[in-house]
Number of protein chains: 2
Amino acid sequence: MARIAADSATFGGESKRYSDEEVYKGIAEAIVEHRLPPGARLPEDALAEVFGISRTGIRKVLQRLALEHLVTIRPRRGAQVAQPTEQEARQVFAARRMIEVGSLGGAIEAARKRDIQALHDIARQEREAQQSGEHSRAIQLSARFHTRLIELAGNEVITDFLLQLTSRSSLIIAMYGSRLSIGCDCGEHDELVELVAERRVDEAEAWMERHLQRIEATLSFGPGTEDVPDFKQIFRPIR
Amino acid sequence: MARIAADSATFGGESKRYSDEEVYKGIAEAIVEHRLPPGARLPEDALAEVFGISRTGIRKVLQRLALEHLVTIRPRRGAQVAQPTEQEARQVFAARRMIEVGSLGGAIEAARKRDIQALHDIARQEREAQQSGEHSRAIQLSARFHTRLIELAGNEVITDFLLQLTSRSSLIIAMYGSRLSIGCDCGEHDELVELVAERRVDEAEAWMERHLQRIEATLSFGPGTEDVPDFKQIFRPIR
DNA sequence: TGGTCTATTTTCGTATACAATTTGAAGGTA
DNA sequence: TACCTTCAAATTGTATACGAAAATAGACCA
């Protein structure tokens with residue numbers, strides 16, 4: 001099982017003193033970028049040492065991450081990177097479809113030239129990261145594309161929800177994604193930018209619905225690669 | 001300005017030792033039920049004394065409430081009950097329309113007889129509370145009606161979002177609601193139960209959209225009743 | 001009376017201490 | 001070898017201490 005060590009490369013070994021917000025971003029990014037796998041334990045002491053603050057600050061951050069469903073905290077057993085279930089995964093994507101399709105009209109209406117340009121840039125960077133095999137960068141850019149698009153609609157409440165949902169999606173892909181999950185995305189976002197630029201709302205909505213369904217469809221649930229293989233479950237009953 | 005005193009009646013003066021969860025519920029309910037008005041300060045010491053735990057536990061709860069936008073925490077100045085802006089209020093209701101209308105079809109599809117009955121009961125209790133002037137009870141029941149209905153759709157992610165949104169709505173009504181805001185609701189929820197029972201999805205969706213728009217329309221923003229009247233602002237410039 | 005400055009008190013932010021519980025390993029037995 | 005028991009080490013939960021900042025009250029002056 002993956003662990004955090006004080007000298008781990010996961011966060012770098014600097015001795016700088018990080019602020020709460022930096023610690024939050026540091027851990028959240030490590031999870032979202034798959035540097036911390038689902039199920040990885042997150043002991044308070046180790047994190048406190050890595051980030052150069054006391055456990056008090058770490059606990060605050062872990063509590064927040066738990067509310068956002070990126071980590072799980074079990075009483076007296078500490079925190080670990082969350083391991084979303086299949087059900088949770090499907091619900092997250094259903095919620096995304098509702099929110100993203102539902103906001104797309106407003107986003108298109110509000111989109112100005114430079115917004116379109118910004119989306120284009122992100123899509124291009126994503127394609128490049130994809131092709132040069134920079135997985136974690138591609139993941140981040142994909143999430144940013146979706147949030148940038150929807151935040152054009154101007155509803156911060158919705159934007160906040162979507163931010164959470166994209167983070168959780170990354171974690172879900174870390175658990176259930178095959179290589180396809182990321183590969184098949186390739187270039188797709190550019191298509192949507194076109195539809196947005198031309199203000200073809202209905203088509204854009206249909207596109208988004210399909211897009212999210214496709215990502216969900218690339219997930220492979222099945223018996224699953226447990227983090228700690230439970231041999232008892234596997235080898236027991238040959239009855 | 002409203003304050004928490006150790007002997008305040010807001011939480012009762014018991015000396016029982018509360019768990020984190022109980023403290024959370026205690027404060028959240030006090031806000032949602034308008035016993036703690038928007039802007040009320042929430043000093044850690046006073047809360048710690050009232051609930052019989054140390055500041056550590058209180059801080060955890062306040063952080064959580066802040067993430068849910070029920071309280072505001074400003075560095076070095078502590079926590080206070082949030083004072084949502086008009087913009088925030090409109091965004092919350094827009095988000096509710098999207099989520100509740102978007103989930104209603106699934107909820108209706110999944111609704112069984114006993115679910116309908118449960119909704120009926122809540123609507124009836126709400127009506128009774130309304131008529132006997134039990135404001136805070138009516139508020140809670142109204143929120144519960146909406147969440148119960150939508151949770152039938154079976155998406156916990158969406159349900160969690162809606163739980164937050166209904167809490168925030170209560171706070172918004174505390175700030176901007178006239179007497180109308182609560183009164184006009186009267187009996188309305190029964191109509192929706194009918195539509196749900198008869199599986200008239202389109203009409204139910206239209207009804208929900210109108211219902212939420214109407215609640216929003218009863219809010220009176222305008223110059224606003226500040227919590228601490230700023231006489232300087234009011235009386236200064238007769239120029 | 002109204003305003004400004006200063007001193008006191010209150011309140012928050014962070015680290016640390018200590019008890020309680022879990023984890024993990026060593027040793028013993030079938 | 002597999003399983004159970006026991007004990008030490010590691011880890012978390014909660015309270016507390018203390019420095020730093022902000023709120024408050026009082027004195028002083030116009």
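All values derive from a computational prediction rather than experimental measurement. Throughout, protein chains are lettered first and strands after them, A, B, ... in sequence-line order, and every chain is numbered starting at 1.
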Test item: Thr147(B) side-chain N/O and Arg144(B) main-chain N/O as donor-acceptor pair under 3.5 Å: yes
Interatomic distance, Asp45(A) CG vs dT11(D) P [rounded to whole Å]: 6 Å
Step-by-step salt bridge (charged side-chain N to carboxylate O under 4.0 Å, His left out) determination, Arg168(A) to Glu88(A): CA-CA 10 Å; Arg168(A) 290 173 78 174; Glu88(A) 187 182 331; 2.9 Å; yes
Distance, rounded to the nearest Å, where Phe51(A) contributes CZ and dA15(C) contributes C1': 18 Å
Ser103(B) (side chain) donor-acceptor with Glu100(B) (main chain) under 3.5 angstrom: no
Touch class at under 4.0 angstrom, heavy-atom based, for Arg76(A) against every strand present: base
Phosphate OP1/OP2 of dA15(C): any Ser54(A) side-chain N/O under 4.0 Å: yes
Contact under 4.0 Å: Arg55(A) side-chain N or O vs dT12(D) OP1/OP2: no
DNA chain C: 5'-proximal contact among Arg74(A) and Gly57(A) (nearest heavy atom): Gly57(A)
Closest-nucleotide 5' rank along DNA chain D - winner of Thr56(A) and Gly78(A): Gly78(A)
Whole angstrom value for the distance that separates C1' of dT22(C) from CD of Glu44(A): 14 Å
Under 3.5 Å donor-acceptor, Asp115(B) side chain and Arg112(B) backbone: yes
Any side-chain donor near an acceptor of the partner, Ser19(B) and Glu21(B), under 3.5 Å: no
Ser170(A) backbone acceptor or donor facing His34(A) side chain under 3.5 Å: yes
Arg77(A) or Asp20(A), whichever maps to the more 5' nucleotide of DNA chain C: Asp20(A)
Rounded distance (Å) that lies between atom P of dG13(D) and atom CZ of Arg59(B): 17 Å
Spacing between Ile53(B) atom CD1 and dT16(D) atom P, to the nearest angstrom: 12 Å
Separation of dT16(C) P from Ile58(A) CD1 (nearest whole Å): 14 Å
Nearest-Å distance for atom pair CZ/C1', residues Arg41(B) and dC12(C): 11 Å
Residues touching DNA chain C, which here means a heavy atom under 4.0 Å, drawn from residues 62-73 of chain B: none
Under the side chain to side chain contact (heavy atoms under 4.5 Å, CB included) test, residues paired with Arg76(A) that sit two or more places apart: none
